[in-house]
Amino acid sequence: MITLHQFAPAFGLPNASPFCMKLETWLRMAQLPFDAPRMTLADMRKAPKGKMPYIEDKGRVVSDSTFIIEYLKATYGDKLDTWLSTEQHAVALAFQRLMEENLYWAVVYTRWIEPAGWALTRAAFFANMPAPLKWIIPPLARRGIRQELHGHGMGRHSAQEIYAIGKQNITALADFLADKPFFMGDAPCTLDATAYGFLANLLWVPLESPLTQHARQYPQLEAYCQRMRSRYYA
């Protein structure tokens, strides 16, 4: 049995981490049985790369959602992407990178840097920590995220510029999805696991941000998330 290590559900979602939600969704899509014990921020010390998610399978530990999926495909077969052409594979990879390497950091800014988002994030991830850790750890974690944002480059921009970048990404996703049931056409693929993890974390988190407001302008994104939830989390 595959053991999936990820954060506990938060914000009314299976996971507040788009990467954790991506992987759990992929496992459900691939119909691979798994166990998912609830983890906390403190458990990240056990993670091979200091981040969630990671898995244990057949005595092997694999970290990073993309590497995990590649390992699972190689071990159990690819049930989702074999129908894609080489061109479709390339497009899917480009949209995956758009979400994971660019849109992600704009979302991080809304949750960890903006005051309203930070209040929500602090309550979701740190409220159950014992004193005095719940007073000491949150500002340290926030400072670390701020440094990561700066190192990535997103944190060097103004809030207005960050939101402009995020909105462009959301528009590109909405325009490409259009009226298709799934991102690459009539059948779901790995890209849909990534897209659902990110879009649900935009549309359904109780945080009003310019990114959330922009995403709501595209009804196809809401309909898509509803479709994915009904199909894989019913």
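Scope of the values below: all heavy atoms of this structure, side chains included, with no hydrogens, waters or symmetry mates.
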query = Going through the checks in order, is the side-chain hydrogen bond (donor to acceptor under 3.5 Å, both in side chains) test met by E222 and W204?
reply = CA-CA 9 Å; E222 172 71 25; W204 293 343; 3.1 Å; yes

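Crowding of Y233 atom OH: a count of heavy atoms from other residues, nucleotides or ligands under 6.0 Å exceeding 12. Around CG of D175, the count of heavy atoms belonging to other residues, nucleotides or ligands within 6.0 Å exceeds 12.
Ring-centre distance between F125 and F7: below the 6.0 Å cut-off.
Scanning both residues, S63 and K51, for their nearest heavy atoms gives OG-O, 4.3 Å. For the residue pair E24 and P14, the shortest heavy atom distance occurs at OE1-CB, 4.2 Å. Considering every non-hydrogen atom in both M154 and A106, the closest pair reads CE-N, 4.1 Å. Among all heavy-atom pairs drawn from K134 and M129, the shortest one is CD-O, 3.2 Å.
A salt bridge links E208 to R216: one of the charged nitrogens lies within less than 4.0 Å of a carboxylate oxygen.
The shortest side-chain heavy-atom distance between T110 and L207 falls under the 4.5 Å cut-off. Side-chain contact check for F34 versus I55: every heavy-atom pair is 4.5 Å or farther apart.
In this view, E161 satisfies the salt bridge (Lys or Arg N to Asp or Glu O under 4.0 Å) rule with no residue, not counting sequence neighbours. With sequence neighbours left out, the side-chain hydrogen bond (donor to acceptor under 3.5 Å, both in side chains) criterion links R229 to Q226. Under the rule for a ring pair (Phe, Tyr, Trp, His ring centres under 6.0 Å), the partners of F198 that lie at least two apart in sequence or sit in another chain are F19.
For the side-chain hydrogen bond (donor to acceptor under 3.5 Å, both in side chains) with K22, the lone residue among D192, N201, T190, T66 that qualifies is T66.
Judged purely by distance below 3.5 Å, without hydrogens or angles, the side chains of S209 and H214 never pair a donor atom with an acceptor atom. A donor atom on one side chain and an acceptor atom on the other are not found under 3.5 Å apart for Y163 and Q213. Between Y71 and D57, the side chains place a donor N or O and an acceptor N or O closer than 3.5 Å (distance only, hydrogens not considered).
Rounded to the nearest 0.5 angstrom, L211 CG and L103 CG are separated by 7.0 Å. Separation of atoms OG (S85) and NE2 (H89) is listed at 7.5 Å; rounding is to 0.5 Å.
The side-chain tip of K180 points at the ring of F176 from less than 6.0 angstrom away and within 45° of straight on.
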